[in-house]
Amino acid sequence: MLTAHTIKILQSLDKKKFRQKYNLFLVEGNKIINELPESNFKVKEIFSTDPQKLDRKDIPVIQITENELKKISFLKTPKDSVAVCYLPEEEKKEDQNVQLVLDGIQDPGNLGTMIRLADWFGIEQIICSEDTVDFYNPKVIQATMGSFTRVNIVYTDLVEYLSKTENMNIGTDMEGENIYTFERPEKINLILGNEGNGMRPETEKLLQKCITIPRFGKSQSTESLNVSMAAGIILGQLFSESKFQ
């Protein structure tokens, strides 16, 4: 049985300050939880309505009721289990040949989707501005569908980072080069800006090339694409060149 104190702590983990206070975050659903043993994430304990479905003998797996699960889950339709994991130390890898760089992304679903895209295309690292939505936000973790275990996320001062990187800084702009004729350099930072305002002027100054996704619709009335949708289109084209497969 879950104590009121434990429920209160777990419920507080939807906020960054409490995740940092307790050094914990939540992962929901057996499908994602089963990917944790192959990752660097350490699990403190798991609360499950059906512990037999989780083959974990190395950590406590505590049986709870459906009603208790609803109290600690952040999902509208709670799934079988909730894992309580320790926040790891952030670790920056060497610059990878292809990286996503996110400037002020605020929507958890967008960050989660872009982490899934990075995983799909074999991109091992995403660089984020310090005000980008927190990686360990429960909505971000859920939106990644387990891809968060395979993509390294780093929060840093973007101006400082982009000023020193050896990768070419590429951004999107309506007047940029057509993505379908753009020749991708070997080492690239694909920079994507805030959903409403785009990238900051100080970030934009550090761009070395701009690209655009041309519109083919007759009306030409759609102002812009969702940032994670645009990321998917651009990455699909950048990786379509045979020499990068």
Side-chain angles (χ1 to χ4, degrees), residues 90 92-107 109-133 135 140 143-144 147-148 150-216 220 222-245:
E90 186 175 280
K92 186 183 180 301
K93 298 180 179 180
E94 292 294 313
D95 281 0
Q96 308 295 299
N97 282 351
V98 181
Q99 297 183 142
L100 289 181
V101 176
L102 308 181
D103 187 9
I105 296 297
Q106 294 301 298
D107 183 83
N110 280 334
L111 178 56
T113 299
M114 286 190 277
I115 292 169
R116 284 184 76 183
L117 282 168
D119 185 26
W120 183 267
F121 286 102
I123 297 170
E124 296 178 7
Q125 183 161 260
I126 297 177
I127 308 293
C128 300
S129 63
E130 289 161 338
D131 65 338
T132 289
V133 61
F135 173 42
V140 174
T144 71
S147 288
F148 77 93
R150 294 177 290 274
V151 180
N152 191 46
I153 311 293
V154 177
Y155 287 80
T156 191
D157 181 315
L158 280 196
V159 171
E160 183 181 351
Y161 170 73
L162 293 172
S163 300
K164 295 177 180 177
T165 179
E166 293 182 7
N167 288 19
M168 182 177 282
N169 295 326
I170 309 290
T172 56
D173 187 276
M174 294 299 284
E175 306 302 318
E177 188 176 335
N178 187 327
I179 183 61
Y180 299 112
T181 56
F182 176 71
E183 190 169 332
R184 172 185 139 182
E186 189 176 347
K187 295 176 73 67
I188 178 175
N189 288 324
L190 174 59
I191 305 166
L192 298 156
N194 174 270
E195 292 88 346
N197 303 315
M199 65 184 76
R200 294 175 176 83
E202 54 266 38
T203 305
E204 207 165 355
K205 285 177 184 175
L206 295 166
L207 294 181
Q208 291 153 298
K209 287 223 172 178
C210 287
I211 53 176
T212 192
I213 302 168
R215 290 180 293 190
F216 294 97
Q220 301 283 299
T222 303
E223 279 190 22
S224 61
L225 289 170
N226 168 278
V227 65
S228 56
M229 188 185 296
I233 294 169
I234 293 168
L235 290 174
Q237 181 58 26
L238 290 178
F239 280 87
S240 68
E241 298 175 49
S242 59
K243 65 180 178 178
F244 297 114
Q245 292 177 8

Novice: Please say whether more than 12 non-hydrogen atoms of neighbouring residues, nucleotides or ligands are located less than 6.0 Å from NZ in Lys205.
Specialist: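 Not more than 12 within 6.0 Å, no.
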
Novice: Count the heavy atoms of every other residue, nucleotide or ligand shown that sit under 6.0 Å from NZ of Lys164, and state whether that count exceeds 12.
Specialist: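 No.
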
Novice: What do the steps show when you test Ile105 against Val227 for side-chain contact (heavy atoms from CB on, under 4.5 Å), and what is the final call?
Specialist: CA-CA 9 Å; Ile105 296 297; Val227 65; 4.0 Å; yes

Novice: In the structure I gave you, are the side-chain heavy atoms of Phe135 and Ile115 within less than 4.5 Å of one another anywhere?
Specialist: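 Result yes, sub-4.5 Å side-chain heavy-atom pair found.
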
Novice: What residues, two or more places apart in sequence or in another chain, satisfy side chain to side chain donor-acceptor pair (under 3.5 Å) together with Thr165?
Specialist: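 If we apply the side chain to side chain donor-acceptor pair (under 3.5 Å) test to Thr165, skipping adjacent residues, the hits are Asp95, Asn189.
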
Novice: For the residue pair Thr172 and Ile179, establish whether any side-chain heavy-atom pair is separated by less than 4.5 Å.
Specialist: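 Side-chain contact under 4.5 Å: no.
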
Novice: For Glu166, give me all partners under salt bridge (charged side-chain N to carboxylate O under 4.0 Å, His left out), at least two apart in sequence or on another chain.
Specialist: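 So Glu166 forms no salt bridge (charged side-chain N to carboxylate O under 4.0 Å, His left out) with any residue.
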
Novice: I want to check something: taking the side chain as every heavy atom from C-beta on, are Val98 and Ile188 in contact at a cut-off of under 4.5 Å?
Specialist: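 Sidechains of Ile188 and Val98: in contact.
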
Novice: Rounded to the nearest 0.5 Å, what's the gap from CG on Asn97 to CD on Glu186? Could you check?
Specialist: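 So the CG of Asn97 and the CD of Glu186 are separated by 5.5 Å.
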
Novice: Listed by chain and number, what are the side chain to side chain contact (heavy atoms under 4.5 Å, CB included) partners of Ala143, not counting sequence neighbours?
Specialist: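 Result, side chain to side chain contact (heavy atoms under 4.5 Å, CB included) vs Ala143: none returned.
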
Novice: Can you name the closest pair of heavy atoms from Ala230 and Leu225 and give their distance?
Specialist: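 Result for this residue pair: CB-CB, 4.3 Å.
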
Novice: Taking only distance into account, with no hydrogens and no angle test, what donor-acceptor pairs under 3.5 Å do side-chain atoms of residues 193-204 form with protein atoms, sequence neighbours excluded?
Specialist:
from   : atom 1 : to     : atom 2 : distance (Å)
Asn194 : OD1    : Gly196 : N      : 2.8
Asn194 : OD1    : Asn197 : N      : 2.9
Asn194 : ND2    : Gly104 : O      : 2.8
Glu195 : OE1    : Gln106 : N      : 3.1
Glu195 : OE2    : Gln106 : N      : 3.2
Glu195 : OE2    : Asp107 : N      : 3.0
Glu195 : OE2    : Asn110 : ND2    : 3.1
Arg200 : NH1    : Asp103 : OD1    : 2.1
Arg200 : NH2    : Asp131 : OD1    : 3.0
Arg200 : NH2    : Asp131 : OD2    : 2.2
Thr203 : OG1    : Asp103 : OD2    : 2.9

Novice: Heavy-atom distance under 4.5 Å between the side chains of Leu100 and Met114, does that happen here?
Specialist: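 Side chain of Leu100 against side chain of Met114, heavy atoms only: contact under 4.5 Å found.
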
Novice: Roughly how far apart are Leu238 CG and Ile233 CD1, rounded to 0.5 Å?
Specialist: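 Going from the CG atom of Leu238 to the CD1 atom of Ile233 covers 12.0 Å.
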
Novice: Is a donor from one side chain sitting under 3.5 angstrom from an acceptor on the other, for Gln99 and Gln125?
Specialist: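 Short answer, yes.
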
Novice: Of the non-hydrogen atoms in Asn178 and Tyr180, which two are nearest, and what is the gap between them?
Specialist: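 Minimum heavy-atom contact is OD1-N, 2.8 Å.
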
Novice: With rounding to the nearest 0.5 angstrom, report the OG1 to CD1 distance, Thr132 to Ile127.
Specialist: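 Thr132 atom OG1 to Ile127 atom CD1 measures 11.0 Å (nearest 0.5 Å).
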
Novice: For Arg150, enumerate each residue passing the side chain to side chain donor-acceptor pair (under 3.5 Å) test, keeping only those at least two apart in sequence or located in another chain.
Specialist: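 Testing Arg150 for side chain to side chain donor-acceptor pair (under 3.5 Å), a comparison that skips the adjacent residues, returns Glu35, Asp119.
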
Novice: Can you give me the closest heavy-atom contact between Gly232 and Leu117, atom names plus distance?
Specialist: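 Reported closest heavy-atom pair: N-CD1, 3.6 Å.
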
Novice: As an exercise, state the distance from CD of Gln96 to CD1 of Ile123, rounded to the nearest 0.5 Å.
Specialist: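 Nearest 0.5 Å value for the CD-CD1 distance: 10.0 Å.
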
Novice: Given side chains that start at C-beta, do those of Cys128 and Ile153 come closer than 4.5 Å, heavy atoms only?
Specialist: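 The answer is yes; the side chains approach within 4.5 Å.
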
Novice: Nearest 0.5 Å please: distance from the NZ atom of Lys92 over to the OH atom of Tyr161.
Specialist: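 If I round to the nearest 0.5 Å, the distance is 5.0 Å.
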
Novice: Do Ile170 and Phe182 come within less than 4.5 Å of each other through their side chains, counting heavy atoms only?
Specialist: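 Yes, close enough: below the 4.5 Å cut-off.
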
Novice: Supply the atom-to-atom distance Ser163 OG to Asp157 CG, rounded to the nearest 0.5 angstrom.
Specialist: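 If I round to the nearest 0.5 Å, the distance is 8.5 Å.
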
Novice: Could you tell me whether the side chain of Ile126 reaches within less than 4.5 Å of the side chain of Val154, counting heavy atoms only?
Specialist: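 Not in contact.
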
Novice: Tell me which donor-acceptor pairs under 3.5 Å the side chains of residues 207-214 have, and how far apart each pair is, sequence neighbours excluded?
Specialist:
from   : atom 1 : to     : atom 2 : distance (Å)
Gln208 : OE1    : Asn169 : N      : 2.6
Thr212 : OG1    : Asp173 : O      : 3.2

Novice: Apply side-chain contact (heavy atoms from CB on, under 4.5 Å) to the pair Arg184 and Met168, showing each step before the final yes or no.
Specialist: CA-CA 10 Å; Arg184 172 185 139 182; Met168 182 177 282; over 6 Å; no

